[in-house]
Amino acid sequence: MAVTVEINEHGVTLNGNPTIGLSGAQMKKIELQRNHHMKNLPAFCLYYHELRAWVSEEDGQKLIAAGATLLDC
């Protein structure tokens, strides 16, 4: 399942869900893990509370730039 990511001056919206603020503490709760193995799926797997979703390279890079946590794998 791919998730739509929208980033604006107010924060981050995932699949139209309420915005996650751009404060460092809130953004760090968004975790991204690079997809190294499944070539037919997007670049990152996103974890946020109960949400597990696939995120494109472009959206993943936007989230990382905004302060999301990139997991080592």
Testing the basics here: between G60 and V55, what is the closest heavy-atom pair and its distance to 0.1 Å?
N-CG1, 3.4 Å
Tell me whether E31 is salt-bridged to R52, with the criterion being a basic N under 4.0 Å from an acidic carboxylate O.
no
If we only count heavy atoms from C-beta on, is the L71 to L32 side-chain gap below 4.5 Å?
no
Please examine the side chains of L63 and I7, heavy atoms only from C-beta on, and report whether any two atoms are closer than 4.5 Å.
yes
Measure the CG-CD distance between N15 and E6 for me, rounded to the nearest 0.5 Å.
11.5 Å
Taking side chain as C-beta onward, heavy atoms only, is N35 less than 4.5 Å from F44?
no
Straight-line distance of L46 CG to L14 CG, nearest 0.5 Å:
6.0 Å
Of all pairs that satisfy side-chain hydrogen bond (donor to acceptor under 3.5 Å, both in side chains), the ones with a partner from residues 39-51, not counting sequence neighbours
Q33-Y47
Taking it one step at a time, do R34 and E57 satisfy salt bridge (charged side-chain N to carboxylate O under 4.0 Å, His left out)?
CA-CA 9 Å; R34 184 164 287 283; E57 177 73 30; 2.8 Å; yes
Taking the side chain from N8 and the backbone from G11, do they hold a donor-acceptor pair closer than 3.5 Å?
yes
Which atom pair, heavy atoms only, marks the closest approach of A43 to S56?
CB-C, 4.2 Å
